[in-house]
There are 2 protein chains.
Amino acid sequence: MGHSLLASFQRDGRRVTRPRKAILAVLERTRHPMSVSEIHTSLTRGKIAVDLVTVYRTLSVFKQLGMVSRVEFQEGQFRYELCQGRAHHHHIRCRGCGHIADLMLCPLKKVLAMVERETRFLVEDHSLEFIGWCPQCR
Amino acid sequence: MGHSLLASFQRDGRRVTRPRKAILAVLERTRHPMSVSEIHTSLTRGKIAVDLVTVYRTLSVFKQLGMVSRVEFQEGQFRYELCQGRAHHHHIRCRGCGHIADLMLCPLKKVLAMVERETRFLVEDHSLEFIGWCPQCR
DNA sequence: CTCTATGCAAATAATTTGCAAGCAC
DNA sequence: GTGCTTGCAAATTATTTGCATAGAG
């Protein structure tokens with residue numbers, strides 16, 4: 001095994017399989033949120049045959065277990081990145097080259113209580129993404 | 001004409017047509033961001049025959065002219081709402097019933113400069129949506 | 001009359017579902 | 001061996017594109 005994430009995975013009654021290990025490996029070696037097709041392409045390039053549908057299903061399971069978080073940038077598709085102990089954070093994506101950078105902060109901590117008070121909703125989640133131009137493209 | 005939005009529309013060399021008037025009317029009488037299919041269904045219910053593709057194309061034009069803004073709530077689809085003089089704002093959507101409420105604030109004004117400084121990106125846009133449970137569903 | 005906008009068909013793209021066979025444990 | 005997983009085919013859903021015709025100005 002040798003992998004803490006897969007260990008907790010197994011504890012959950014799930015099975016550790018070749019596709020799951022491979023998808024996890026791709027996510028681990030990439031430091032930005034990846035789309036499903038990017039992950040699949042990466043696997044294919046690495047001569048690892050995993051069906052696209054399996055990538056979808058695996059990410060769905062990873063998400064249920066809280067192993068990955070899902071983000072979107074008004075692209076019409078979702079992206080996934082490993083949580084693995086990283087603090088809650090947000091991103092900025094370049095309109096030009098598509099490069100995604102992390103923001104090491106979440107400026108919303110203080111806002112949540114205000115939102116709940118104003119709307120009477122119980123806030124469960126939020127999405128915050130920035131779009132702009134990176135140093136190379138601006 | 002009798003419609004300031006369509007007036008500015010016409011000034012742009014665009015044509016004022018039955019489908020465009022109808023779609024605008026739907027957006028005006030609805031106070032939350034609508035999906036394309038919701039708009040189309042609303043037209044159909046009102047006995048107004050407009051092709052779904054026309055709804056897509058019309059919203060695309062409205063967006064280019066800055067008449068509508070596009071938002072998404074991790075649903076796998078986009079929603080549109082009229083800007084018409086309304087201040088920039090964000091939303092919260094209920095996991096239970098799908099109800100969307102406006103937030104009358106954007107807590108990010110002060111954050112933008114910090115994001116630009118931290119990332120060296122030029123920030124052009126941002127999306128911020130909350131997801132939770134409304135008073136009825138919580 | 002000219003040129004944009006629309007409807008209809010069809011293509012793309014993202015994601016989901018059904019089911020028999022494969023494989024982790 | 002048992003039941004969760006996978007691959008493959010096919011269905012769904014969201015969105016876009018091509019093209020001939022309709023209609024706004």
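Convention: sequence-line order gives letters A, B, ...; per-chain numbering from 1.
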Hey, does the side chain of B:H91 reach the backbone of B:L103 with a donor-acceptor pair shorter than 3.5 angstrom? no
Could you tell me whether A:R18 contacts a base, only the sugar-phosphate backbone, or nothing, with contacts defined as non-hydrogen atoms closer than 4.0 Å? sugar-phosphate
With the side chain defined as heavy atoms from C-beta on, A:R15 is closest, among D:dT6, D:dA14, C:dC25, to C:dC25
Provide, to the nearest angstrom, the distance between the CE atom belonging to B:M34 and the C1' atom belonging to D:dA14. 17 Å
Intermediate values then yes/no, side-chain hydrogen bond (donor to acceptor under 3.5 Å, both in side chains), B:H126 and B:H90: CA-CA 10 Å; B:H126 64 267; B:H90 298 282; 3.2 Å; yes
Nearest of C:dA9, C:dC3, D:dT2 to any side-chain atom of B:V53? C:dA9
For the pair made of NE2 in A:H40 and P in C:dA13, what is the distance, rounded to whole Å? 15 Å
Quick one: B:R14 CZ to C:dT4 C1', roughly how many Å, whole number? 10 Å
Presence of salt bridge, B:D102 and B:R86, under 4.0 angstrom: yes
Between A:R20 and D:dT5, is there a side-chain N or O to OP1/OP2 distance below 4.0 Å? yes
Is it the case that B:E38 and B:H32 place a side-chain donor and acceptor less than 3.5 Å from each other? no
Hey, are the side chains of B:E129 and B:Q74 touching, using non-hydrogen atoms and a 4.5 Å cut-off? no
Could you state the atom-to-atom distance from CZ of B:F78 to P of C:dA13 in whole Å? 15 Å
Which nucleotide sits closest to the side chain of A:Q77: D:dT15, C:dG7, C:dT15? C:dT15
So if I take every side-chain heavy atom of A:Y56 and compare against C:dG7, D:dG7, C:dT16, which nucleotide ends up nearest? C:dT16
Which nucleotide, D:dG7, C:dA14, D:dT5, lies nearest any side-chain atom of A:D51? D:dG7
By ring pair (Phe, Tyr, Trp, His ring centres under 6.0 Å) - contacts of B:F62 (at least two apart): B:F9
Please evaluate the base of D:dG18 for a donor-acceptor partner in the side chain of B:R57 within a cut-off of under 3.5 Å? yes
Once you apply a heavy-atom cut-off of 4.0 Å, does B:G76 come out as touching a base, just sugar-phosphate, or nothing? sugar-phosphate
Residue pair B:V36/A:P19 against DNA chain D: nearer the 5' end by closest nucleotide is A:P19
Atom CD of A:Q74 and atom C1' of D:dA14: how far apart are they, to the nearest Å? 15 Å
Does a side-chain heavy-atom distance below 4.5 Å link A:V68 with A:Q84? no
Choosing from C:dT15, C:dG7, C:dC25, which nucleotide comes nearest the side chain of A:V16? C:dC25
End-to-end bend of the helix from C:dC1-D:dG25 to C:dC25-D:dG1 (five-pair axes, 10° rounding)? 30°
Consider only side-chain N and O atoms of A:H99 and A:Q136, and report whether a donor and an acceptor are under 3.5 Å apart. no
Does C:dT4 have OP1 or OP2 sitting under 4.0 Å from an N or O in the side chain of B:T17? no
Calculate the interatomic distance between B:Q10 atom CD and C:dA5 atom P; express it in whole Å. 11 Å
Mind calculating the distance between NZ (B:K63) and P (D:dT16) to the nearest angstrom? 11 Å
Rounded distance in Å - NZ (B:K21) to P (D:dA24): 8 Å
